[in-house]
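Side chains are part of it too, since the values below use all heavy atoms of this structure and drop only hydrogens, waters and symmetry mates. Counting convention: from 1, in listed order, for ligands and their atoms alike.
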Amino acid sequence: MAKIYYDNDADLAHLKGRRVGVIGFGSQGHAHALNLHDSGVEVAVGLYPGSSSWKKVEAAGLRVGTVDDVARDSEIIMMLVPDQVQKRVYEEHVAPHLDGGKTLMFAHGFNIHFGQIEPPEGVDVSMIAPKGPGHLVRRVYQQGGGVPALVAIHQDASESALQTALAYGKGIGSGRAGILETTFLEETETDLFGEQTILCGGITALIKAAFETLVEAGYQPESAYFETFHELKLIVDLLYEGGMEYMRYSISDTAEYGDYTRGPRVIDASVKARMQEILREIQDGRFAREWINENAVGRPHFSALRRINAEHPVEVIGKEVRGMMAWLNDGKRA
Ligand code: NAD
Ligand code: MG
């Protein structure tokens, strides 16, 4: 069983007198900085000169400075800029200030695990990765709770890297929910696998295949959209709240029988074999190399894929159908 830490296992005293520099004020950055500040931790936010977040950070009553200034003046530095720019930001603005005794932190293991960032010996390198987007990390904290997180240690120069990381996790509220111990390898590989095979890649491919099957068979795209896309949220909400049995309790017996007998014909052993192939590409670094190279040449393939996918008929009809639903964003725009 995985080891899980809670507030009682963590002590904010490990952050006392040590300034925390949060680099970036995006989804995770704003949530970490504001939660730590509200937990009584001394926080500064590092931004690039001219960043539109500068005023927002000042208005929230936090210190703000350039990434260089904040990295120089902080003992604990949390990297919360997008993963694909972390290497450059690290090399140009953080590494020059990374004296021995400091702590370098991440919310995702990609750059450490795949060797893009190689911190010097003598610094602690750890991860606190909340298992939710930043707005949730902020909102749940303000309500008195916390979003669960992962903790991992890559380098333990001080022999207290875990205590520092857990204190950080407590500061952003995650100790209230549980902080699960993992490694940079496990977090990185399972995160990539999850987003590729189910959360992002798998689910959108499944929707497109089902939508296309109905439309090609002559059904109205609006009906196809409702059945293969719109209703997904209702089902996912049930799964999220109470698991598969709870979801199946809420649907009709007809739906449940179709689920058991037809689902495994769609997602069969051949799908699992391809999932294993995708996992091997993650494990042996092929995916990471491909994505790093794609970024290095200006992302031509990525940009083309983004455009092609935005033009898919399910997206076109989806905009129209969501316009009927005033409570959705597209509805408000319509
Ligand atoms: P984001 O895109 O929301 O925010 C990035 C921030 O970095 C923005 O404030 C942006 O202005 C700033 N930035 C961009 N380029 C910069 C540069 N060159 N110099 C300085 N600042 C720059 O990113 P995010 O989603 O918060 O991701 C940050 C980290 O958190 C990543 O490692 C990511 O994997 C991890 N993470 C994200 C989530 C999530 O749900 N978003 C969840 C867990 C972990
Ligand atoms: Mg993820």
Side-chain angles (χ1 to χ4, degrees), residues 20-36 43-60 62 64-72 74 77-97 104-114 116-117 119 125-141 146-152 154 165 168-169 172-174 177 179-180 182 184 186-196 199-200 282 287-288 291-292 295-296 299 302 306:
V20 176
V22 172
I23 310 301
F25 201 67
S27 173
Q28 290 294 322
H30 93 282
H32 290 218
L34 297 174
N35 289 5
L36 287 167
V43 186
V45 176
L47 300 173
Y48 56 84
S51 159
S52 61
S53 298
W54 208 281
K55 285 209 168 66
K56 275 187 261 171
V57 181
E58 278 176 343
L62 274 65
V64 56
T66 62
V67 177
D68 278 284
D69 287 344
V70 169
R72 188 187 333 100
S74 301
I77 301 161
M78 173 56 114
M79 296 291 290
L80 295 176
V81 298
D83 296 300
Q84 68 274 10
V85 305
Q86 280 188 12
K87 178 184 171 70
R88 195 167 49 77
V89 171
Y90 171 81
E91 284 172 359
E92 291 174 11
H93 305 293
V94 175
H97 314 291
L104 182 66
M105 296 187 70
F106 295 86
H108 177 40
F110 189 97
N111 285 294
I112 289 291
H113 179 62
F114 291 114
Q116 296 300 291
I117 293 178
V125 181
S126 62
M127 174 186 349
I128 284 286
K131 288 286 93 183
H135 70 266
L136 197 67
V137 173
R138 179 61 182 153
R139 175 155 51 83
V140 175
Y141 175 89
V147 169
L150 304 178
V151 63
H154 173 69
Y168 186 103
I172 64 168
S174 293
I179 305 175
L180 192 142
T182 183
F184 274 67
E186 183 175 83
E187 187 275 338
T188 305
E189 295 183 351
T190 57
D191 188 75
L192 292 172
F193 179 80
E195 65 202 20
Q196 292 176 16
L199 304 175
C200 311
I282 292 168
F287 173 78
W291 177 226
I292 290 162
N295 278 286
R299 317 215 272 185
F302 179 71
R306 200 178 244 179

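- Taking 4.0 Å as the cut-off, Pro82 counts as a neighbour of ligand 1 on heavy-atom distance.
- Between the side chain of Ser174 and the backbone N or O of Val147 there is at least one donor-acceptor pair closer than 3.5 Å.
- Within the 4.0 Å heavy-atom criterion, the part of Val89 lying near ligand 1 is the side chain and not the backbone.
- Residue-level proximity to ligand 1 for Lys131 is absent, since no heavy atom of it falls below 4.0 angstrom.
- Listed by number with element, the atoms of ligand 1 under 4.0 angstrom from any heavy atom of Leu80 are 5 (C), 6 (C), 7 (O), 28 (C), 29 (C), 30 (O).
- Within the set Phe106, Phe25, Tyr48, the minimum heavy-atom distance to atom 16 (C) of ligand 1 is found for Tyr48.
- For atom 33 (C) of ligand 1, the nearest non-hydrogen atom from the set Asp83, Val85, Thr188 belongs to Asp83.
- Under the 30°/60° scheme for interplanar angles, the aromatic rings of Phe184 and Phe106 are found to stand perpendicular.
- The closest side-chain donor-acceptor pair between Glu189 and His113 falls under 3.5 angstrom.
- Contact annotation: for Pro130 versus ligand 1, heavy atoms closer than 4.0 Å belong to the backbone alone.
- Each of the following atoms of ligand 1 lies closer than 4.0 Å to a heavy atom of His108: 32 (O), 34 (O).
- Here His108 contributes atom NE2 and Leu192 contributes atom CG; the two are 5.0 Å apart, rounded to the nearest 0.5 Å.
- Under 3.5 Å, the side chains of His32 and Tyr168 contain a donor-acceptor pair of N or O atoms.
- For Met79, no nitrogen or oxygen atom sits less than 3.5 Å from a nitrogen or oxygen atom of ligand 1, counting backbone and side chain alike.
- No donor-acceptor contact under 3.5 angstrom links the side chains of Asn295 and Gln84, judged on distance only.
- Considering backbone and side-chain atoms alike, Gln86 places an N or O below 3.5 Å from some N or O of ligand 1.
- Considering both main-chain and side-chain atoms, Ser51 never comes within under 3.5 Å of ligand 1 through any nitrogen or oxygen pair.
- Interface atoms of ligand 1 facing Pro133, defined by a heavy-atom separation under 4.0 Å, are 40 (O).
- Separation of the Phe25 and Trp54 ring centroids does not fall under the 6.0 Å cut-off.
- Residues His93 and Thr66 form no side-chain contact, since every pair of their non-hydrogen atoms from C-beta on lies 4.5 Å or further apart.
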